[in-house]
Structures are given as structure tokens and as C-alpha cells.
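So the structure is just underneath, and the comments pick up after that.
Just so you know, these numbers use all the heavy atoms, side chains as well, and skip hydrogens, waters and symmetry mates. Here is the naming used below: chain letters follow the sequence lines, and residue numbers restart at 1 for every chain.
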Amino acid sequence: MPPEADPLEPFRAEVERSLRAAVAALGVDGIEPKLARAPQGMADFAFAAHALAAKLRQAPPAIAQQLAQHAGSERVRAVPEGPYVNFRIDDAALTEAVLASALARGEHYGDLPKTGQRVIVEHTSANPTGPFHVGRARNPILGDALARIVRAAGHDVTTEYYVNDMGKQVITLTWGLQHLRPEDVPHAERDKPDHQLVARYRKASELLERDPVVAQTIQEMLQRYEGGEPSTAQQVKQTVETMLRGMNATLERMGIRIDQYAWESRYVFNGDVDRTLEKLKQSERCKEEDGAFYLDLEGLGVAGKSQKFFLTRKDGTTLYTTRDVAYHLDKFRRADRLVDVLGEDHKLVGQQLGIALGLVGETRKPDIVFYAFVNLPEGRMSTRSGRVVYIDDLMDEAEERARAEVTKRRPELGEEEKRAIARIVGLGALRFNIAGVQAEKAITFKWEEALDFEGASAPFAQYSHARAASILRKAREEGHAPGEAKLAGKLAQPNELALVRTIARLPSVVRQSAADTRVHPLAGYAIEVANAFNQFYRDSPVLQAEPEVRGARLALTLAAKHALRNSLGLLGVEAPESM
RNA sequence: GGGCACGUAGCCAAGCUCGGAUAUGGCACAGGCCUCCUAAGCCUGGGAUCAGGGGUUCGAAUCCCCUCGUGCCCGCCA
């Protein structure tokens with residue numbers, strides 16, 4: 001029998017079964033007993049007997065006593081403790097199951113069986129008007145981690161970037177590139193297309209507001225573009241491609257690869273948007289005002305002035321949200337489930353989108369992850385105003401600080417090696433700090449916090465991983481191999497068992513995070529593993545232990561290493577073999 | 001004015017979806033641990049009206065209502 005993907009699952013099922021039977025034995029029906037996690041170190045699962053007190057007209061502790069007599073099994077003991085029934089899994093049985101699963105699956109420990117479900121994770125989708133800045137840095141970081149997590153949960157994931165190449169912003173940029181010379185704008189220090197181009201976007205935006213002639217020109221250009229004039233379309237395409245080349249270099253450096261790009265203009269020019277519009281117009285909610293069509297959202301929970309969801313301008317051209325409906329219909333043709341990562345400024349749009357999809361007969365809705373912006377102490381970041389911290393600069397700073405640390409701690413290493421470690425650690429700290437916080441919490445950007453290298457940070461977990469790697473490396477050099485899962489009985493120290501129990505939870509954390517489309521539980525989990533490993537490291541010498549114990553501890557070390565590497569990996573954070 | 005979020009020690013976060021055991025970590029602070037597998041580590045200590053008020057419940061950080069504060073939105077922009 002191959003080891004379980006989730007070593008905890010058979011035990012959980014067993015406990016649930018036995019608890020259900022015990023509840024039935026007391027003559028209670030109609031209550032589905034719910035298992036809970038007991039406080040750390042107390043038990044593996046718990047049941048609070050209060051829930052049955054009213055029905056049985058008995059005190060919870062008495063009920064717990066009786067339940068415990070009927071519940072439990074050979075491998076799981078049921079112990080009444082006050083008003084609770086605590087279930088404790090047999091240490092050796094659990095350890096063996098965890099080691100078997102983690103060692104057999106290795107780099108894939110944590111991954112769940114394939115579901116065949118196709119999921120498109122749309123993330124980043126930043127307007128191609130300038131370099132990525134920290135204000136929206138959560139988008140690629142959360143999106144990429146989410147894609148990895150959903151993939152680990154067994155689904156077939158494709159990531160997609162929706163390129164907003166319609167509308168005034170890209171036209172303004174294109175105009176700027178055609179009419180402003182590089183000498184007329186501030187010089188960019190960075191030799192990347194996005195940095196090279198953004199100054200002219202800024203200048204063009206400024207002229208657009210100040211100069212009516214420029215505004216008129218841009219307006220006309222926009223009309224030609226939306227009217228489908230090939231030469232303008234060609235120019236815009238070229239502009240956007242150039243900008244994206246620069247932006248992609250940033251993503252690549254962050255370790256983020258996007259599977260495919262969906263261009264907004266494509267949906268306009270291939271007729272998808274018009275077809276979607278026609279369908280929407282058939283809705284009774286669709287009304288006209290001054291030549292412009294809108295959906296009347298009254299009574300659908302959208303309040304006040306937002307009740308009119310405009311689909312077209314009065315000249316008949318479509319609006320962003322309308323095109324987004326067409327895009328989502330297309331995505332639903334290609335996938336079973338959609339995940340979108342959007343800034344919180346899109347909350348209303350998300351609601352409108354959901355309603356519109358329903359009106360044209362699409363019963364599914366995208367799972368939208370909204371994230372709050374990363375603001376500067378002095379306010380919101382903005383490409384147009386230039387009040388920004390660029391991700392490129394943040395990465396530079398992260399690597400530089402990490403290199404200073406490595407140099408201090410590992411002076412014996414070669415320059416090349418130091419640089420490699422600094423890259424992994426610096427970037428890891430950056431991604432971890434953003435991925436580790438609940439998406440909807442607003443963040444005020446501070447350098448020290450963004451690049452924290454100790455405590456609950458990526459380097460903390462990476463360090464534990466490097467320690468584990470170091471032990472395994474030395475063992476190999478001395479000719480010792482990790483033992484079989486059968487040696488589980490040799491692991492009996494409290495901190496060994498605590499580590500086993502922590503490792504056991506990775507598949508559960510993956511399942512839950514994927515279902516909830518939440519990333520930060522993985523970060524918390526990685527810290528827990530590191531913590532448990534550090535305590536094991538302190539209390540249980542591995543290499544000097546007698547052969548069988550050494551084999552068992554090496555196996556546990558390897559299992560912990562997998563859990564660390566894989567949980568970090570799901571966040572897009574690399575785990576170095578040495579640091 | 002209306003809507004959606006968020007508010008947990010000096011600071012930053014977890015727990016809230018699914019109510020249950022002394023509210024969990026980190027930073028900072030005070031003290032301790034490197035003849036022993038990497039001290040980016042470990043141990044000990046102090047520090048919390050879980051924004052405030054009301055309600056539901058045997059039981060509320062968790063659910064409901066109100067108030068306050070913060071972020072975001074309310075455009076024939078994207």
C-alpha cells in the first residue's frame with residue numbers, strides 16, 4: 001500500500017468514526033459531533049462535550065467520561081479531561097505514517113492527489129504604464145503563491161496575466177513615446193525598458209491634464225484605436241510589448257513565471273465583447289440613458305450611486321468592466337474554477353462582474369482574493385506622481401542587506417557563493433513578509449519590516465532548512481543513511497514527537513489554504529516547522545546517537561527538511577542547502 | 001452621505017469562515033546559553049479593557065446590532 005498523501009487523514013477518519021459511534025451509543029441522534037484541535041501538546045483531536053449537555057441533561061464532564069469509554073481505537077486513545085474528550089494518536093503509529101509519507105513523497109510531500117479540475121489563477125494584470133511598484137507588490141506575490149498552493153492541492157493550474165491594453169493610459173504612453181524625446185524627461189538610472197519609458201508616461205499624463213491640444217490629440221488617437229485602426233493598434237501593441245518586457249524581467253527576478261497573457265484588446269477586436277454586450281442587453285435590467293447602456297442593479301445589494309453599472313459610453317464603445325465580463329466568460333470556457341487576485345479598489349467591480357455573469361447564464365463565480373494596498377507613510381503610491389518605491393529597488397536593497405549578513409556570518413565563503421545565498425535569502429525575506437500577512441490587511445511600507453531577517457521570517461525557516469541539510473550532508477559523508485519509517489519507535493523524545501506532529505499537518509494546511517484561497521497560513525506553518533525543528537536540534541543529537549536512533553533521527557531530519565522546503569516553496573521562497 | 005474591509009501588548013502579526021480548555025508568535029526590553037550536528041538559533045522574564053458599547057449563548061477575540069478610528073470604493077476611467 002503506498003503511503004498516504006496526508007498521513008493524518010486515516011487517523012482523523014478513525015477518530016470521527018469512533019466519536020460518532022460513541023455519541024450514538026449514548027442515545028443522542030441528530031447531532032454531528034465536530035472535532036476540534038486541542039491546545040498544543042494536549043492531544044491530536046478534541047471534542048467538547050458541552051454540545052451534548054442540553055440534550056442529555058448531564059454535566060459535560062460526565063458526558064466526556066462516558067464518551068471516552070466508547071470512543072477511541074487501537075491506535076487512538078480517547079481520554080476524558082474535564083468537559084473534553086481528548087484523542088491521542090499512538091506516537092509510534094503516527095510517526096511511522098508521517099515518516100513513510102514524507103520520505104516517500106519527498107519534494108512532493110504536501111501535494112494532494114490530482115483532481116483533474118482546471119483552475120485559472122489570474123494575477124498581477126498590472127497596467128503596462130511603468131515598473132512594478134511596492135503598492136501593488138502583493139498581487140504577483142500572493143497570486144504566484146496561490147497558484148502554487150492550488151496546484152499542490154491537486155488541481156491543474158494555469159496562471160494568466162490580463163493585459164490592459166485598452167483605454168487612455170496606454171494611449172497616453174504611446175503618444176508620449178512618439179512625441180517626447182528621452183532628453184526632455186528625467187533620466188532613468190535603470191537600463192530596463194519599463195524604467196526607460198515611464199518618465200515619458202508621466203510627462204505625457206501631465207500634458208494631458210494641462211494642455212487641451214494634447215488632450216484633444218490623445219482623445220482622437222483613442223477613438224482611432226478603439227475603432228480598430230490597424231496602424232494605431234500596431235503602435236500600441238509595440239508600446240505595451242516593450243513595457244511588458246521590462247516588467248517581466250522584474251517578475252522573473254522575483255521567481256515568478258506567468259503561463260499566459262490575455263490581451264484585453266483581443267476580446268474587443270475579435271467580437272467577444274460585442275457578443276457579450278448583446279447578451280447583457282437582453283437582460284431586463286439593461287436600460288439606456290442618453291445613448292449609453294447600463295445595468296440597473298437595484299435590489300441586488302449594490303447600494304446608492306453604484307446601482308447603475310454602465311456597460312457602454314454614449315458613443316457605443318464598451319467600458320472596462322464590460323470587457324472584463326467577456327474575458328471571464330472566456331476563462332470559464334477554458335477552466336472549471338477561476339481565481340482572481342485583485343486590489344481592494346476592485347471590490348465593486350468584482351460584485352458587478354459576478355452579477356453580470358449571472359445575467360448571461362454563467363452560474364459559476366470567480367473566487368476573488370482582494371488585497372489591501374501597501375502604502376507609504378506619506379500616502380498612497382502612484383506611478384503617475386512618481387511617489388513610489390519600485391520592486392526592482394526593493395530587491396536590490398534586499399540582496400544587498402542579505403549579502404552584508406552573509407559576509408558577517410560566513411566570511412569563509414567565496415564571493416560567488418555569498419552572492420547566491422544573499423539572493424535566496426533577500427528575496428525570500430521579501431516575498432515571505434508579504435505572503436505571510438492576511439491579504440486584506442493594509443500595510444504601511446517600512447524598509448526594516450519588509451526586510452526582516454530574524455524572528456518569524458523566511459531566513460528563520462531557511463536557516464533551519466540549512467541546518468537540516470548540513471546534518472544530512474555530514475551523515476552522508478560519514479556513510480550514514482536515514483533509516484526506514486519502521487524505526488519510528490526510536491523517536492520518543494517530546495521534541496521529536498512534537499516535530500512529527502508538525503510535519504504531519506502540511507497536507508492539511510495545503511488543502512485548507514487552497515480551499516480558502518489564502519496564502520498566509522503556509523507562512524505561519526513554515527515558521528512552526530522551523531521552530532519545532534530548532535527544538536529537536538537542540539535536544540536530540542543526530543550524528544552521535546547510537547546507530548538505530550541515528551537512523552531514525554536522520555529520517556526525521558529529512559522529513560522536516562522536506563516539510564520546510566515544500567512549505568516555503570509554496571510561497572515561492574527557495575530553501576538554501578547552506579547559509 | 002452610502003457600501004465593502006480592517007482594528008488583538010510600545011510596534012508587527014496569528015487565531016475569527018466552523019463559538020469551547022490559562023488568547024499564539026515575532027520585534028523591542030531585562031537576564032541566561034557557543035570545548036557538542038551552522039547563535040539568521042535556543043531558554044527564562046515582564047508586557048493584552050482582543051477599539052468601545054449592547055445583544056445572542058451554558059460559554060464570545062470568534063456570531064448579530066450600534067458607535068468610533070483607519071483603508072478602499074461609490075467615473076459614460078482602467
Side-chain angles (χ1 to χ4, degrees), chain A residues 34 36 38-40 42 46-51 53-54 59-60 81-84 86 127 129 164 166-170 264 289-294 301-308 310-315 317-321 323-324 343-351 370 372-373 375 380 402 405-406 408-410 425 429 433 436-438 440-444 446 448-449 452-464 466-475 515-516 518 520-521 523-524 527-528 530-531 534-535 537-545 553 557 578-579:
Chain A
K34 222 177 63 221
Q40 252 196 359
M42 282 270 235
F47 175 70
H50 308 87
E81 271 163 276
Y84 304 94
N86 284 331
N127 284 338
T129 49
N164 299 121
M166 294 297 293
K168 203 167 254 182
Q169 293 181 45
V170 287
E264 186 178 9
E289 178 179 297
D290 215 4
F293 289 90
Y294 69 92
V302 182
K305 301 176 196 164
S306 335
Q307 267 184 16
K308 287 184 186 174
F310 275 92
L311 300 170
T312 69
R313 302 186 180 89
K314 65 181 166 203
D315 67 3
T317 55
T318 55
L319 270 356
Y320 159 79
T321 321
R323 302 193 288 263
D324 214 20
E344 60 177 338
D345 54 341
H346 279 61
K347 278 180 186 170
L348 177 59
V349 170
Q351 209 179 352
F370 293 108
F373 297 117
N375 288 331
R380 190 160 166 175
E405 290 294 319
V406 182
K408 194 169 77 195
R409 296 165 199 275
R410 305 290 301 278
V425 169
N433 273 310
V437 179
Q438 215 183 325
E440 52 271 26
K441 285 213 190 199
I443 295 180
T444 302
K446 296 180 192 95
E448 321 81 63
E449 278 173 25
D452 188 10
F453 289 174
E454 50 184 35
S457 67
F460 174 87
Q462 289 170 323
Y463 184 66
S464 293
R467 277 175 151 180
S470 168
I471 292 175
L472 293 162
R473 196 163 45 235
K474 288 206 163 94
D516 296 346
R518 293 187 335 158
H520 72 273
I527 295 302
E528 283 186 51
N531 221 320
N534 287 340
Q535 287 167 32
Y537 180 91
R538 179 196 63 206
D539 291 343
S540 301
V542 177
L543 298 174
Q544 301 99 303
R553 287 180 181 170
T557 301
S578 161
M579 66 183 270

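- The stacking criteria are not both satisfied for Tyr537(A) over the base of G41(B), which would need a centre-to-centre distance under 5.5 angstrom and an angle between ring planes under 30 degrees.
- Contacts of Lys347(A) with the nucleic acid, taken as non-hydrogen atoms under 4.0 Å apart, include base atoms.
- Judged by closest nucleotide on RNA chain B, Pro39(A) is the one of Phe453(A) and Pro39(A) placed further toward the 5' end.
- Listed pair Lys408(A) / A40(B) fails the phosphate criterion, with no side-chain N or O lying under 4.0 Å from OP1 or OP2.
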Step by step, would you call Arg380(A) with Asn375(A) a side chain to side chain contact (heavy atoms under 4.5 Å, CB included)?
-> CA-CA 5 Å; Arg380(A) 190 160 166 175; Asn375(A) 288 331; 3.7 Å; yes
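- Between the P atom of A39(B) and the CZ atom of Arg410(A) lies a distance of 11 Å, rounded to the nearest Å.
- At A13(B), none of the side-chain N or O atoms of Lys441(A) fall inside 4.0 Å of OP1 or OP2 (strictly under the cut-off).
- Without hydrogens or angle criteria, Arg467(A) side chain to Asn534(A) main chain gives no donor-acceptor distance under 3.5 Å.
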Show your reasoning for whether side chain to side chain contact (heavy atoms under 4.5 Å, CB included) applies to Leu348(A) and Val302(A).
-> CA-CA 8 Å; Leu348(A) 177 59; Val302(A) 182; 3.8 Å; yes
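- Taking the P atoms as reference points, G52(B) lies 13 Å from G7(B), given to the whole Å.
- Here the side chain of Arg467(A) is nearest to one of C76(B), C43(B), G41(B), namely G41(B).
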Under the side chain to side chain contact (heavy atoms under 4.5 Å, CB included) criterion, do His346(A) and Phe370(A) qualify, and how do the steps go?
-> CA-CA 8 Å; His346(A) 279 61; Phe370(A) 293 108; 4.3 Å; yes
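- Summarising the local packing, CD of Gln40(A) is surrounded by 12 or fewer heavy atoms from other residues, nucleotides or ligands at distances under 6.0 Å.
- Met42(A) has its CE atom 9 Å from the P atom of A21(B), to the nearest Å.
- When heavy atoms are screened at a 4.0 angstrom cut-off, Ala54(A) is found touching no nucleic acid atom at all.
- Arg380(A) has no side-chain polar atom (N or O) that falls below the 4.0 Å cut-off from OP1 or OP2 of G71(B).
- Counting non-hydrogen atoms under 4.0 angstrom, Ser578(A) reaches a base of the nucleic acid.
- Listed candidates were A14(B), G41(B), C43(B). Nearest to the side chain of Phe460(A) is G41(B).
- In this structure, the side chains of Ser578(A) and Arg410(A) come closer than 4.5 Å at one or more pairs of heavy atoms.
- The closest donor-acceptor contact from the side chain of Arg518(A) to the backbone of Gln438(A) lies at 3.5 Å or more, if one exists at all.
- C12(B) and C58(B) are spaced 37 Å apart, taking the C1' atom of each and rounding to whole Å.
- Residue Arg518(A) places its side chain closer to G15(B) than to any other of C12(B), A21(B), G15(B).
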Summary of protein contacts for nucleotides 24-33 of chain B, nucleotide by nucleotide, where a base hit scores B, a sugar-phosphate-only hit scores S (4.0 Å, heavy atoms) = --SSS-----
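- For the pair His346(A) NE2 and A78(B) C1', the computed distance is 7 Å after rounding to whole Å.
- For the P atoms, the distance linking A14(B) with G26(B) amounts to 15 Å, nearest Å.
- Computed from coordinates, the Asp345(A) CG to G75(B) P distance equals 14 Å when rounded to whole Å.
- With the nearest nucleotide of RNA chain B identified for both Ala466(A) and Asp315(A), Ala466(A) has the one nearer the 5' end.
- Rounded to whole Å, the C1' atom of U17(B) lies 16 Å from the corresponding atom of C64(B).
- Using C1' as the reference atom, A61(B) and G20(B) are 13 Å apart when rounded to the nearest Å.
- Taking atom CD of residue Glu448(A) and atom P of nucleotide A40(B), one finds them 21 Å apart after rounding to whole Å.
- Residue Glu528(A) contributes atom CD, which lies 11 Å from atom P of G15(B) at whole-angstrom precision.
- For the pair His520(A) and G15(B), the criterion of a side-chain N or O lying under 4.0 Å from OP1 or OP2 is met.
- Considering only the side chain of Ala292(A), C76(B) comes nearest among A78(B), A5(B), C76(B).
- Among the nucleotides C73(B), A13(B), A40(B), the one closest to the side chain of Leu348(A) is C73(B).
- More than 90° away from 0 lies the glycosidic angle of C73(B), which makes this nucleotide anti.
- With both ends at atom P, the span from C37(B) to C6(B) equals 47 Å, rounded to whole Å.
- Between the side chain of Thr557(A) and the backbone N or O of Arg553(A), at least one donor-acceptor pair lies under 3.5 Å.
- Using cut-offs of 30° and 60° on the angle between ring planes, the pair Tyr294(A) and Phe310(A) is tilted.
- The side chain of Glu264(A) has A78(B) as its nearest neighbour among A78(B), C37(B), A21(B).
- Side-chain contact check for Ser457(A) versus Gln462(A): every heavy-atom pair is 4.5 Å or farther apart.
- Remark: ring of His50(A) not stacked against base of G59(B); the cut-offs of centroid gap under 5.5 Å and plane tilt under 30° are not jointly satisfied.
- Base engagement by Asn86(A) is indicated by at least one non-hydrogen atom pair under 4.0 Å involving a base atom.
- Within 4.0 Å of Ala475(A), counting heavy atoms only, lies no atom of the nucleic acid at all.
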Test log, rule side chain to side chain contact (heavy atoms under 4.5 Å, CB included), inputs Val425(A) and Val406(A) = CA-CA 9 Å; Val425(A) 169; Val406(A) 182; 5.6 Å; no
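- Counting only heavy atoms from C-beta on, Glu344(A) has its side chain closest to C72(B) among C77(B), A21(B), C72(B).
- Distances shown here put a side-chain N or O of Gln438(A) below 4.0 Å from the OP1 or OP2 atom of A14(B).
- Under the 3.5 Å distance criterion, the side-chain polar atoms of Asp290(A) are left unmatched by any main-chain donor or acceptor of Ala292(A).
- Distances shorter than 4.0 Å separate none of the side-chain N or O atoms of Asn164(A) from OP1 or OP2 on A78(B).
- Relative to the side chain of Lys34(A), the nucleotides C11(B), G20(B), G19(B) differ in distance, and G19(B) lies closest.
- In this structure, CZ of Arg409(A) is placed 4 Å from P of A40(B), rounded to the nearest angstrom.
- Among the atoms of the strands shown, none is found under 4.0 Å from any heavy atom of Gly524(A).
- If you take CD of Glu440(A) and P of U17(B), they are 14 Å apart, rounded to a whole angstrom.
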Taking only Watson-Crick and G-U wobble pairs with both distances under 3.5 Å, what dot-bracket line describes RNA chain B, where [ ] shows pairs that cross earlier ones and | shows pairs with another strand?
-> (((((((..((((......[...)))).(((((.......))))).....(((((..]....))))))))))))....
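- Side chain of Gln535(A), nearest nucleotide from A40(B), C43(B), G20(B): C43(B).
- Going from the P atom of G55(B) to that of G15(B) covers 29 Å, rounded to whole Å.
- Residues Lys474(A) and Leu543(A) form a side-chain contact, since some pair of their non-hydrogen atoms from C-beta on lies under 4.5 Å apart.
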